[in-house]
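A quick write-up on the structure given underneath.
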Amino acid sequence: MLKTSLIFIIMLFFCKGYAQTNLYDYYENGRYLNNISINNTGYFAKKDLMKSYFELYPAKKLKGLFETLASPKGYHTVYEIENNEIYVKEFWILKKEDNGLYTNITTEIFPTKTDRKIDWYSGLVLFTSGKRTLNEMNVNYEKNALFEINKGNIVMSRHFNLEQILDYKARLFQIFKKTEEYKILKKEGRDRGWKDSTTDAFEQDIVLDYYNTIIIK
């Protein structure tokens, strides 16, 4: 018992004294889910907005990151909203040699407040929160905030509960089915051996990714 307690104390001291954030804190307290605070509630992004940043600035792309299920890219971004503009508030990375500790390198990537505005991104982004619900093969959430963004500026936003976001996606998908892109995706699904219903269920869940503006008000 004494030995176990000493090990725990040593581990705690190591984690606290490292000036970083331990993975345990992220997993146990759900911090890795909280990308942004909306109306004092933590939400997480269904899209990696930093992907667009590293595509625009390939020289800044980070190497040697440790990829996990919670951080498939090896980094975690926290955003904040100010005056209808979205900024990077914190940017954390995870490296193998850091023994499971996230390191905050926000000022290294974005030295000034101006640099942190996500003016590299235009399009839709869905932030979700609350209880998860498995619908066929897709996971949806009880709270949803859909933002239309133009160079970091919030042009429009919509808020949905679970039933409303599913209905919104269904209506938008009916519009998407009339496009040539949908026909190509359906053919690709058939080539993989998928039923059309399987392709439809998958594509309907991610249909927001095919649009840059909120076309259904």
Side-chain angles (χ1 to χ4, degrees), residues 14-38 41-129 139 141 144-157 181 206-214:
F14 176 79
C15 295
K16 294 294 185 182
Y18 205 60
Q20 296 172 307
T21 297
N22 189 269
L23 268 177
Y24 177 84
D25 180 53
Y26 265 72
Y27 291 134
E28 289 299 308
N29 298 313
R31 283 191 57 190
Y32 68 95
L33 295 178
N34 297 332
N35 286 110
I36 195 168
S37 177
I38 302 173
T41 299
Y43 285 70
F44 72 97
K46 295 285 282 185
K47 180 183 291 185
D48 178 17
L49 303 184
M50 288 299 297
K51 179 181 178 181
S52 299
Y53 178 82
F54 290 123
E55 288 175 348
L56 186 62
Y57 303 106
K60 294 186 177 183
K61 191 170 182 178
L62 303 169
K63 298 179 180 179
L65 301 184
F66 183 45
E67 300 176 359
T68 69
L69 289 176
S71 296
K73 300 294 183 180
Y75 55 75
H76 176 76
T77 315
V78 180
Y79 305 98
E80 62 182 348
I81 300 173
E82 289 187 11
N83 300 319
N84 269 350
E85 299 175 335
I86 297 186
Y87 293 84
V88 172
K89 181 180 180 181
E90 299 173 7
F91 186 73
W92 299 77
I93 62 170
L94 184 63
K95 289 190 173 183
K96 292 181 179 180
E97 62 267 26
D98 286 340
N99 298 308
L101 296 171
Y102 277 94
T103 303
N104 189 335
I105 63 167
T106 309
T107 55
E108 296 177 34
I109 303 295
F110 308 104
T112 68
K113 180 74 173 182
T114 302
D115 296 326
R116 296 178 190 178
K117 182 177 178 180
I118 63 168
D119 54 9
W120 66 83
Y121 181 79
S122 294
L124 297 181
V125 58
L126 180 68
F127 292 99
T128 59
S129 182
V139 178
Y141 295 79
N144 304 269
L146 177 64
F147 292 163
E148 177 184 327
I149 301 171
N150 181 22
K151 295 182 179 179
N153 300 301
I154 299 175
V155 178
M156 186 182 302
S157 65
E181 188 170 9
I206 64 170
V207 68
L208 293 170
D209 292 342
Y210 297 113
Y211 292 89
N212 291 321
T213 59
I214 298 177

Chi angles and distances behind the side chain to side chain contact (heavy atoms under 4.5 Å, CB included) call for L208, L146: CA-CA 9 Å; L208 293 170; L146 177 64; 4.1 Å; yes
Pair F91-L62, side chain to side chain contact (heavy atoms under 4.5 Å, CB included): steps then yes or no: CA-CA 12 Å; F91 186 73; L62 303 169; 3.6 Å; yes
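- Across G152 and I149, no two heavy atoms sit closer than the pair N-CG2, 3.4 Å.
- Once rounded to the nearest 0.5 Å, the distance linking CE of M50 with OH of Y57 reads 11.0 Å.
- Within 6.0 Å of atom NZ in K47, more than 12 heavy atoms from other residues, nucleotides or ligands are found, so the atom counts as buried in its surroundings.
- When side chains are defined from C-beta on, L49 counts as touching Y79, because their heavy atoms get closer than 4.5 Å.
- The two residues D115 and F110 come nearest to each other via the heavy atoms O-CD2, 3.3 Å.
- Residues K46 and Y141 have side chains that never bring a donor and an acceptor to within less than 3.5 angstrom of each other.
- Salt-bridge formation is not detected for the pair R116/E82: no Lys NZ or Arg NE/NH1/NH2 atom is positioned less than 4.0 Å from an Asp or Glu carboxylate oxygen.
- The CG atom of N153 sits 13.5 Å away from atom OH of Y121, with the distance rounded to the nearest 0.5 Å.
- To the nearest 0.5 Å, the span separating CG on L94 from NZ on K73 amounts to 15.0 Å.
- In this structure, CD1 on I38 lies 8.5 Å from OG on S157, to the nearest 0.5 angstrom.
- Distance check: I109 CD1 to Y75 OH gives 10.5 Å after rounding to the nearest 0.5 Å.
- Closest non-hydrogen pair, N150 versus S122, comes out as OD1-OG, 3.4 Å.
- The shortest distance between side-chain heavy atoms of T128 and F44 falls below 4.5 Å.
- Residue K95 qualifies as open at atom NZ: its count of foreign heavy atoms under 6.0 Å is 12 or below.
- For the atom pair F147 CZ and I36 CD1, the distance stands at 5.5 Å (nearest 0.5 Å).
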Pair E148-N212, side chain to side chain contact (heavy atoms under 4.5 Å, CB included): steps then yes or no: CA-CA 7 Å; E148 177 184 327; N212 291 321; over 6 Å; no
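- Residues G42 and S129 approach most closely at O-OG, 2.8 Å, considering heavy atoms.
- Ion pairing between E85 and K113 fails under the 4.0 Å rule for side-chain N and carboxylate O.
- Here the closest non-hydrogen pair linking K61 and F54 is CA-CD2, 3.6 Å.
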